[in-house]
Amino acid sequence: MKLTPRSSDYSQWYLDIVLQAKLADYSDVRGCMVIRPNGYAIWEKMQAALDAMFKETGHVNAYFPLFIPESFMQKEADHIEGFAPECAVVTHGGGEELAEKLYVRPTSETIIWSTYKKWIQSYRDLPLLINQWANAVRWELRTRLFLRTAEFLWQEGHTAHATEAEAKEEVLRMIEVYRRFAEDYMALPVIVGRKTESEKFAGAKETYCIEAMMQDGKALQSGTSHHLGQNFAKAFDCKFQSKDGQLEYVWATSWGVSTRLIGALIMAHSDDKGLVLPPKLATRQLVIVPIIKGDSKTLVLEKASELHKQLKANGVGVFLDDNDQQTPGWKFAEYELQGVPLRLEIGAKDIEKHQCVVARRDTGEKLSLPLDAALPETIKRLLNEIQNNLFARALAYRNEKTKEVKTYDEFKAQVETGFAIAHWDGTAETEAKIKEETKATIRCIPTDESFIQQYDLRAEGKCIYSGKPSKMKVVFAKAY
RNA sequence: CGGGGUGUAGCGCAGCUGGUAGCGCGCUUCGUUCGGGACGAAGAGGUCGUGAGUUCGAGUCUCGCCACCCCGACCA
């Protein structure tokens, strides 16, 4: 019942929250989870916000099959090499062995590009901007609820363009959408950057990502946007005729975020009392807890449902818990565990004084507010403040835990507790050595101008490991 | 795939040198309560993961198998 405190075992704390706040449960299938209503509600909020942002940037939704013929998977060499070991493969159907095995999608580039080939003939068919909301399966060796499960929910955007410049623009546009979503909705500050050659997506020319810091100082890759070049177009022979009559291969991008974001949300903001949800992603933004004493029941419940009506009419995600089976204290603890941003207490004493008590989940602060027509506006202002405070708090934490290091010793100490900003000679060998010795990886080569300036990343220097000349500092961290 | 751990009531666990299963929470009913996880009374709920073996007798001992969890390596 009690949560393991963060300080004693961070990873157990995380699991305790997921299970006790009823976000997810283990299933009877290894590595797969059941997303419970509390967790799924967060996903629905995320979907709604992201989907609107995708539509605003010109994308439409479609759906492609779960099954991918083995031969499709094999068409792009890097792709199959990267994904084959972690794929689930269907060998039988209708009681008979299949002539060709079917892969359960680990990602949909191949099935989509085999289809795009049929849809694209001319530059007039471009760009093609499609997103799909789906599930994917990767047979991971080790799984953790939300952060890495064998089956996960996600969205994957797959776009086709006439020129490389256009594709590149799309890649950057979408990573920017992810940044905005993470910061504005999840209240999660992220570093936007490019992956190194060894960390990029299997089959991509370049991979851009957003990296977030969790409360244990580790990094979580929270979204990726890939510049696929002409790799998949060539693999699937997808050409178009340009304005001047030339046959050219199509340029591609793909980008995605998954239910892992829910894990990020939990690890970034929550505390030893439970989940802390940013108001924009909370279905239940405020819970009304009536305090019933003696014969005040009718009076208090009437007032409570009046408040419920008033707040609801003003667009607050309000919920009235008038269940008389639990005491107020039980409810306080329960909704704190579940991360409800605001709690409103109303009892006979309050009604007499024409006020109510409102408690903030992020700070624990309790306020007395007058019961009047201005209440909904005050509540909305508070929700907004909580949203901003969570972001500010997370950003301050990241700044505090991000340090530039000059020596390898400092480096080793720094990646134990946070992000290390360090010079790197640009070679995969150095990157691999550092990973082997410290378990820290290059999270990204930042492209975010404000972050670059904050840590003066363009200054020249010497590689933290090899001592060779380096033109830019990068971000190192241990990662989930 | 290595290392560690756990399988006993819905959940968390106890069960000693073998003698036929118990505690807390939760659940049901009734009553009293209600401003930080209330209290009383009465109930319901278990092929002890699984298969062998030892024994008069196995939750307990022996061997095998299975499953899951945690920590690593690999990955969104």
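It should be emphasised that the depicted structure is a prediction, and the values quoted were computed from it without experimental measurement. What you see below is based on every heavy atom in this structure, not just the backbone, and it leaves out hydrogens, waters and symmetry mates. Within every chain, numbering begins at 1; the chains are lettered A, B, ... in the order of the sequence lines, protein sequences first and strands thereafter.
Among the atoms of the strands shown, none is found under 4.0 Å from any heavy atom of A:T224. At a threshold of 4.0 angstrom between heavy atoms, the contacts of A:Q12 with the nucleic acid are absent. Using a 4.0 Å heavy-atom cutoff across all strands shown, A:S11 reaches sugar-phosphate atoms only and no base atom. Contact annotation for A:T441: no contact, since no heavy-atom pair falls under 4.0 Å across all strands. The residue A:K366 sits close to a base: some heavy atom pair falls under 4.0 Å. Using a 4.0 Å heavy-atom cutoff across all strands shown, A:V257 reaches no nucleic acid atom at all.
Within 6.0 Å of the NZ atom in A:K101, the count of heavy atoms belonging to other residues, nucleotides or ligands does not exceed 12. Annotation for A:E437: atom CD counts as buried by contact number, over 12 foreign heavy atoms lying within 6.0 Å. Atom CG of A:D295 sits in a sparse spot, with 12 or fewer heavy atoms from other residues, nucleotides or ligands closer than 6.0 Å.
Nucleotides B:C69 and B:G26 are separated by 27 Å at their P atoms, to the nearest Å. Rounded to a whole angstrom, the distance from the P atom of B:G59 to that of B:C27 is 31 Å. The P atoms of B:C68 and B:C30 are separated by 42 Å, rounded to the nearest whole Å.
Taking atom CG of residue A:D272 and atom C1' of nucleotide B:G37, one finds them 16 Å apart after rounding to whole Å. Atoms CG (A:D324) and P (B:A38) sit 14 Å apart, rounded to a whole Å. Atom CZ in A:R144 sits about 11 Å away from atom P in B:A73, given to the nearest Å. Across the protein-nucleic acid pair, A:K439 atom NZ and B:A73 atom P stand 5 Å apart, rounded to whole Å. Note: CD (A:E352) to P (B:G35) measures 17 Å, nearest angstrom. Atom OH of A:Y26 is separated from atom P of B:A67 by 17 Å (rounded to the nearest Å).
In this structure, B:C68 and B:G5 make a Watson-Crick or G-U wobble pair, each of the two defining distances being under 3.5 angstrom. The base-pairing partner of B:C48, taking Watson-Crick or G-U wobble contacts with both distances under 3.5 Å, does not exist among the strands shown. Across every strand in view, B:C13 sits in a pair with B:G22 that passes the Watson-Crick or G-U test at under 3.5 angstrom. Pair assignment for B:G40 gives B:C30, based on Watson-Crick or G-U wobble hydrogen-bonding distances that are each under 3.5 Å. Across all strands shown, B:A58 forms no Watson-Crick or G-U wobble pair with both distances under 3.5 Å.
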Under a 4.0 Å heavy-atom criterion, the protein footprint on nucleotides 5-11 of chain B, written with B, S and -, is -------

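Under the side chain to side chain contact (heavy atoms under 4.5 Å, CB included) criterion, A:K75 pairs with A:A235, A:F236, sequence neighbours left out. Taking the side chain to side chain donor-acceptor pair (under 3.5 Å) definition, one finds that A:T283 meets it with nothing, sequence neighbours left out.
Taking the centre of each ring, A:F201 and A:F83 come in below the 6.0 Å mark. The six-membered or imidazole ring of A:W113 lies away from that of A:H79, with a centre-to-centre distance of 6.0 Å or more.
Put simply, A:R142 has no side-chain N or O that comes within less than 4.0 Å of OP1 or OP2 on B:C74. For B:G36, neither phosphate oxygen OP1 nor OP2 lies less than 4.0 angstrom from any side-chain nitrogen or oxygen of A:T327.
The A:L15 side chain lies nearest to B:C70 when the options are B:C70, B:G36, B:G37. Distances from the side chain of A:K435 to the nucleotides B:G37, B:C74, B:G36 place B:C74 closest. Distance from the side chain of A:K293 is smallest for B:G35 among the nucleotides B:C70, B:C74, B:G35. Out of B:C34, B:C74, B:G37, the shortest distance to the side chain of A:L337 is found at B:G37.
With A:F419 as the aromatic partner, A:R398 does not meet the cation-pi criteria of under 6.0 angstrom to the ring centre and within 45 degrees of the ring axis.
Each of A:D51, A:N61, A:N131 was evaluated against A:Q155; a single residue qualifies, A:N131, per the side chain to side chain donor-acceptor pair (under 3.5 Å) test.
For B:G37, its base never sits under 3.5 Å from the side chain of A:Q326 at any donor and acceptor pair.
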